[in-house]
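Single-structure report; data block below.
Letters A, B, ... mirror the listed sequences (proteins, then strands); counts begin at 1. We use all heavy atoms of the structure for the numbers below, so side chains are in, but hydrogens, waters and symmetry mates are not.
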Amino acid sequence: MAQFWKPGTEKPRLLEDEDGGVVFLSSSFSSSSSGYGFASIEKQRQRLPVYKYRTAILYLVESHATTIVVGETGSGKTTQIPQFLKEAGWADGGRVIACTQPRRLAVQAVASRVAEEMGVKLGEEVGYTIRFEDVSNSDLTRIKFLTDGVLLREMMDDPLLTKYSVIMVDEAHERSISTDILLGLLKKIQKRRPELRLVISSATIEAKSMSNFFLSSKRRRALEGDELLRPSLEPAILSVEGRGFNVQIHYVEDPVKDYVQAIVSTVLLIHDKEPPGDILVFLTGQDDIDAAIKLLTEEARGNGKTSSGLIILPLYSGLTRAEQDLVFSPTPKGKRKVVISTNIAETSLTLEGIVYVIDSGFSKQRFYNPITDIENLVVAPISKASAKQRAGRAGRIRPGKCYRLYSEEYYLNEMSVQGIPEIQRSNLVSCVIQLKALGIDNILGFDWPASPSPESMIRALEVLYSLGVIDDDAKLTSPVGFQVAEIPQEPMVAKMIISSNELGCLDEIITIASVLSVQSIWFSIRGAQKELDEAKLRFAAAEGDHVTFLNIYKGFLQSGKSSKWCHKNFINYHAMKKVMEIREQLKRIALRLGIVLKSCEADMQLVRKAIAAGFFANACRLEAYSHGGMYKTIRGSQEVYIHPSSVLFRVNPKCVIYHSLVSTDRQYMRNVISIEPSWLTEVAPHFYQQQRHNPNIH
DNA sequence: GAGCACTGC
């Protein structure tokens with residue numbers, strides 16, 4: 001059993017502020033109440049911690065180009081600041097206040113809350129825009145919530161975002177790729193539009209570096225000049241307290257060898273010794289979660305006293321909606337809920353009723369190797385910022401406790417302060433083309449909040465060049481480059497779509513692109529693997545997985561888009577509905593780009609050629625004398641295998657193209673289609689011509 | 001015969 005150190009002097013406050021750079025404004029700025037109706041809602045608003053900073057916030061936004069608001073959970077900053085700004089006149093004269101979020105669900109929730117507080121109909125004065133859903137009105141909407149990805153897309157039509165007077169970037173500390181790109185671009189826009197105001201909402205840990213980012217060296221010089229009429233270019237930092245309760249932290253004395261076992265022991269310890277309250281456990285992935293549940297169920301059963309009253313539930317994104325909803329159902333009296341979760345509960349989902357958190361100290365994180373061009377998912381230690389976020393989940397309803405399965409010494413001395421920003425862990429192909437489309441040609445010189453490695457940027461430029469999307473001067477080509485940038489898909493998929501025009505198979509290709517962009521269209525039930533495989537066989541096409549998707553789509557349409565039909569065939573109905581939405585979007589965009597919606601009927605050779613035109617770099621050749629179905633990539637001689645979930649598994653055609661690689665003990669190709677090697681020089685002569693004499697091709 | 005942290009356009 002894990003031994004926890006119970007410090008004699010337990011920490012009075014969980015969220016220790018360890019960077020001294022944050023300015024805390026005193027409440028002398030407190031505002032008087034605004035003469036506003038809806039008494040009860042107005043009272044609720046006034047009770048939010050952010051309310052007493054109303055005047056301070058308005059003053060800072062007025063006088064500073066950028067205001068950084070450090071606010072803990074429950075401060076009310078997201079719902080209140082846009083309203084303060086509106087009340088102060090920032091939306092007068094047809095201007096709009098924007099507030100971005102990293103996630104769609106948050107956009108919808110916050111927008112409807114604010115519309116309710118203001119007593120207006122959602123979609124009119126208060127609106128929102130997310131992919132597939134625009135609940136806003138260009139004449140009426142004054143406060144608009146949107147995902148940061150949508151705002152980036154808006155910049156393609158209006159690079160200076162002229163209709164917005166204030167842009168609030170919420171959850172900036174999460175440092176997603178789109179937030180980072182957005183921050184870099186907003187900084188540029190500010191130089192052209194001094195009247196634009198930015199509000200960056202961030203966690204404590206990031207505030208200082210965010211402030212330094214918006215105060216570049218050029219600006220420091222400007223500050224010394226004569227800039228009286230302009231707002232101060234030095235960002236203001238305002239800290240707003242949250243409404244979380246204290247969380248006591250417990251550490252283990254010695255490093256934990258087996259964290260699944262340690263979790264089980266700790267759950268039973270809490271259940272035995274601590275007062276009622278639900279437990280949230282952070283683990284890395286589905287495998288660990290299933291193992292922990294199995295072990296916990298066994299040990300609880302064999303331990304009479306503690307076995308009663310535990311409701312043990314898994315939580316990860318792969319679960320169906322119904323399974324996920326179980327964790328939100330209220331815990332019956334006398335019971336204790338134990339939710340064993342991935343990182344999904346760290347930011348994306350909030351559980352009420354959690355009093356105890358057990359933190360394994362690990363999560364799965366994506367890493368990208370620009371040399372091999374492979375993205376890997378690996379279990380890695382979390383950062384202090386994550387650890388604090390996880391612990392905070394225990395203090396939402398009353399004071400709670402957090403059990404960290406690592407030592408305090410490790411936390412203090414070895415854990416990194418914050419995680420590596422996503423942009424430094426990812427393939428940058430989509431990101432680079434987006435910047436190019438916005439006229440940023442000097443990618444290497446772009447002022448990022450955190451610079452990606454030059455190797456990753458160069459690799460992205462190489463891929464875009466090979467696709468014919470950028471030219472020798474690294475400028476977007478016309479029309480292909482601009483078309484690819486318009487299509488909201490990875491550039492290789494976008495190129496496949498554009499190539500389908502002259503091949504006359506857009507109809508089929510957008511179906512394939514749509515299926516490839518959802519997680520999985522298969523409905524997997526544990527223990528029903530055989531049935532799933534049989535269902536797959538009913539649709540399997542000799543050409544490969546992409547053509548199999550076409551068969552499934554056809555069947556789905558013939559069934560009248562029936563959910564029953566999906567169920568019978570082990571197909572995920574919700575995924576199919578998403579496929580339909582994406583397909584409609586792609587169809588609309590393709591038609592706008594002048595691509596003709598044509599079907600090639602049964603001629604699958606055209607479909608395969610279109611796939612090759614986008615994914616030629618992923619072509620592989622079967623190794624003639626290998627018995628294990630070993631392939632090598634034609635370009636890099638990398639050893640790869642067909643994934644067992646593919647319809648071409650064990651079929652092993654001579655030459656294939658894959659859509660993506662997953663790396664475990666081997667590199668597995670997922671979603672594979674067979675091609676003729678001669679097509680490669682046909683669709684990508686520039687890429688393969690130097691290798692004309694390479695025996696691998698002929 | 002194997003495996004899918006989490007978002008987003």
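Using bins of under 30°, 30° to 60° and over 60° for the plane-to-plane angle, the ring pair H546(A)/F549(A) lands in the tilted bin.
With rounding to whole Å, M669(A) atom CE is found 16 Å from dC4(B) atom P. Rounded to whole Å, the distance from CD1 on I589(A) to C1' on dC9(B) is 8 Å. In this structure, L377(A) places its CG atom 19 Å from P of dA2(B), rounding to the nearest Å. Between I181(A) atom CD1 and dT7(B) atom P there is a gap of 19 Å when expressed in whole angstrom units. The nearest whole Å value for the distance from the CZ atom in R588(A) to the P atom in dC9(B) is 13 Å.
Note on S363(A): nothing from the nucleic acid sits closer than 4.0 angstrom, heavy atoms only. S348(A) comes within 4.0 angstrom of sugar-phosphate atoms only, judged by non-hydrogen atoms across all strands, and of no base. Contacts of F132(A) with the nucleic acid, taken as non-hydrogen atoms under 4.0 Å apart, are absent. Within 4.0 Å of R103(A), counting heavy atoms only, lie sugar-phosphate atoms of the nucleic acid but no base atom. Note on R366(A): a base of the nucleic acid sits closer than 4.0 angstrom, heavy atoms only. Across all strands shown, T664(A) has heavy atoms under 4.0 Å from sugar-phosphate atoms exclusively, and none from any base.
Considering only side-chain N and O atoms, S317(A) lies nowhere under 4.0 angstrom from the phosphate OP1 or OP2 of dC4(B).
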message: Is there a salt bridge (charged side-chain N to carboxylate O under 4.0 Å, His left out) between R396(A) and E352(A)? Walk through the geometry before answering.
response: CA-CA 7 Å; R396(A) 291 185 66 84; E352(A) 296 304 329; 3.6 Å; yes
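Put simply, the side chain of D533(A) and the base of dG1(B) share a donor and an acceptor less than 3.5 Å apart.
Side-chain contact, R670(A) with S646(A): no donor N or O sits under 3.5 Å from an acceptor N or O.
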